Amino acid sequence: MDYSSCSQLLVLEILVLFSLAQNIINAASNGVFNVIDFGAIADGIRDNSRAFENAWREACYWNTYSTVLVPPGKYLVTSVVFKGPCKAPISFQLQGLILAPPGLSKLADKESWITFESLRSFTLTGGGTFHGQGRTAWPENQCHKNSNCQLPIVILATLSYLFIYYIYSIRFNKLNDSTITGVQSVDSKFFHINILGCYNLKLNTINISAPDDSPNTDGIHIGRSNGIEISNSKIATGDDCVSLGDGSQNVLVSDVSCGPGHGISVGSLGKYKKEEDVVGLTVINCTFTGTSNGVRIKTWPDSEDAKASNFTFEDLFMNNVENPIVIDQEYCPHNQCNIKVPSRVKISNVRFRNIRGTSLTKEAVRIICSKEIPCQNVEIGDINLVYNGIDDKGPAISSCSNVKPTLVGKQIPATCV
């Protein structure tokens, strides 16, 4: 290359840099930081992690309300952490589609694909989509079939607790007084959304989708968080629509459509030492369609000491659900526990009210509590679940052990009698 060509190339590079700098200056004038101005390319091929990080950093340093804007288009992002604290309230407006890398190899050492962390008064909105490209990863996951499987998991140890995580698609860590609204998560590699250490976090009009045979694709998992609200959302996936781990408090799930999936679950609890109590869950005005469970509380036998209390499941419709109402204190997948030793998780103050619809199994109500610490203060009121399966004839039935529930109103099937 001759001197003239080199000079022209250098001038072109300077002009490009100047243009980007000018765009960033313009963004700073109105508090909107467009990832395109930081070099993002919406072709679905080139990695835009650095451009997203740079846009976030500038917005986070902004002294007044700021917005990171992802305009329409398809953006490949390998992995990124949007971390605070920021100088002022900040929003992330996703109008386009953020695409995860295919397979698992590029995320093997990551806790999650997209993380929002240590933020107050944060808003995620825009109507856009997080696409996990799960179909490229699910064939590598045989853990739902083989308990000795090998997967890229993350192990975090503290002085008192051991955490084992799958790779989460979207993770919300330590968010306070924040709102997630109008976004979609499609085909996550494992869990779609994980909420950890959050306070007063509201999720509204969220759409989560993955096929019913996609392994470990839980919709929303909550742990060690207080004041979480999930409302007006649709969750269709291959595992729990919503699940609560230890330390979850004051959770409200309302007007949610669940299915396919495994229903809404508390637990499983009691597997690890020093688990924090789960206190306060209300599930109201929700619909379950074709799920393997409806509402469920599950604890391990031979467990550590723990408590789970103050649960209300009310105004729920079951549409061909296999197990509409479950308390299972003998939860033991892959038979990897000593089921002869009772669970030491104390379950109390549980109310099932106005739950109706159809069950695909005859056993529409199953309440199996611990022999050592029986369930206390369980109320079952106005249940109308009709058997709609094909294997057996006759009405739905219930099974109960180590519980003496208070029965209110009509009971179809007759419960715990």
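Quick caveat: nothing in here was measured; it's all calculated off a predicted structure.
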**OP:** Check the pair Ile220, Ile235 against side chain to side chain contact (heavy atoms under 4.5 Å, CB included), reporting the backbone distance first and the verdict last.
**Re:** CA-CA 9 Å; Ile220 301 174; Ile235 305 174; 4.1 Å; yes
Subject >> Derivation of the side chain to side chain contact (heavy atoms under 4.5 Å, CB included) call for Leu201 and Ile195 >> reply: CA-CA 9 Å; Leu201 176 64; Ile195 298 170; 3.9 Å; yes
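For the residue pair Phe38 and Ala55, the shortest heavy atom distance occurs at CD1-CB, 3.6 Å. Closest non-hydrogen pair, Asn293 versus His262, comes out as CB-O, 3.2 Å. When all heavy atoms are compared, the tightest approach of Leu360 to Tyr387 is O-CE1, 3.5 Å. In plain terms, the two heavy atoms of Pro211 and Arg135 that are nearest each other are CG-NH2, 3.5 Å. Ile36 approaches Pro71 most closely through the heavy-atom pair CG1-CG, 3.7 Å. Among all heavy-atom pairs drawn from Ala210 and His192, the shortest one is CB-NE2, 3.7 Å.
Here CD1 of Ile222 is found 4.0 Å from CD1 of Ile230. Values are rounded to the nearest 0.5 Å. The CD1 atom of Ile114 sits 7.5 Å away from the CD1 atom of Ile170 when rounded to the nearest 0.5 Å. Between the CZ atom of Phe82 and the CG atom of Leu124 there is a distance of 9.5 Å, given to the nearest 0.5 Å. Atom CD of Gln329 is separated from atom CG of Asn402 by 8.5 Å, given to the nearest 0.5 angstrom. For the atom pair Ile347 CD1 and Ser309 OG, the distance stands at 10.0 Å (nearest 0.5 Å). One distance of note links CG of Asn349 with CZ of Phe311; it measures 9.5 Å at 0.5 Å rounding.
A salt bridge is defined here as a Lys NZ or Arg NE, NH1 or NH2 lying under 4.0 Å from an Asp or Glu carboxylate O, and Arg353 with Asp382 fails to meet this definition. A salt bridge links Arg171 with Glu111: the distance from a Lys NZ or Arg NE/NH1/NH2 to an Asp or Glu carboxylate oxygen falls below 4.0 Å. Residues Lys271 and Glu304 are not paired through a salt bridge, judged by the lack of any N-O separation under 4.0 Å between the basic side chain and the carboxylate. Note on Asp177 versus Arg120: salt bridge recorded, some NZ/NE/NH1/NH2 to OD/OE distance being below 4.0 Å. With respect to the salt-bridge test (charged N to carboxylate O, under 4.0 angstrom), the residues Arg296 and Asp240 qualify.
Using modelled atom types and a 3.5 Å distance limit, the side chains of Ser399 and Glu363 yield a donor-acceptor pair. Counted by atom type alone, Thr125 and Thr181 present zero donor-acceptor pairs between their side chains at under 3.5 Å. Counted by atom type alone, Ser243 and Ser265 present zero donor-acceptor pairs between their side chains at under 3.5 Å. If you check the side chains of Lys174 and Asn176, you find no donor sitting under 3.5 Å from an acceptor. Looking at Asp239 and Thr237, their side chains never bring a donor and an acceptor atom within 3.5 Å of each other. Remark: the Ser214 side chain and the Trp138 side chain contain no N/O donor-acceptor pair separated by less than 3.5 Å.
Between Phe92 and Phe130, the ring planes lie parallel to each other; the angle is under 30°, not in the 30° to 60° tilted range.
For the cysteine pair Cys258 and Cys241, the distance separating the two SG atoms is below 2.5 Å.
Between Phe122 and Phe116, the distance from one ring center to the other falls under 6.0 angstrom.
Distance alone, capped at 3.5 Å, places no donor-acceptor pair between the Glu140 side chain and the Ala137 backbone. Within the 3.5 Å criterion, the main-chain N or O of Thr78 finds a donor-acceptor partner in the side chain of Ser49. A donor-acceptor pair under 3.5 Å is formed between the side chain of Asp246 and the backbone N or O of Glu276. In this structure, Glu275 contributes its side chain and Gly270 its backbone to a donor-acceptor pair below 3.5 Å. Within the 3.5 Å criterion, the main-chain N or O of Phe33 finds no donor-acceptor partner in the side chain of Trp62. Looking only at distances, a side-chain donor or acceptor of Ser233 sits under 3.5 Å from a matching main-chain atom of Ser231. With hydrogens and angles ignored, the 3.5 Å screen pairs no side-chain donor or acceptor of Thr115 with any backbone N or O of Val81. Judged by distance alone, with hydrogens and angles left aside, the side-chain atoms of Asn323 form no donor-acceptor pair with the main-chain N or O of Val326 at under 3.5 Å. A donor-acceptor distance shorter than 3.5 angstrom exists from the side chain of Thr358 to the backbone of Asn320, with no hydrogens or angles considered. A donor-acceptor distance shorter than 3.5 angstrom exists from the side chain of Asn338 to the backbone of Lys340, with no hydrogens or angles considered.
Checked against Tyr75 for a side-chain contact (heavy atoms from CB on, under 4.5 Å), the options Asn48, Leu97, Leu94 give a single hit: Asn48. Checking Leu281, Thr282, Ile284, Ile228 one by one against Val253, the side-chain contact (heavy atoms from CB on, under 4.5 Å) holds for a single residue, Leu281.
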Would you be so kind as to tabulate the donor-acceptor pairs closer than 3.5 Å made by side chains of residues 83-91, with sequence neighbours excluded?
{"unit_1": "Ser91", "atom_1": "OG", "unit_2": "Tyr65", "atom_2": "OH", "d": "3.2"}
{"unit_1": "Ser91", "atom_1": "OG", "unit_2": "Thr67", "atom_2": "OG1", "d": "2.8"}

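Surrounding CZ of Phe317 are more than 12 heavy atoms belonging to other residues, nucleotides or ligands, all under 6.0 Å away.
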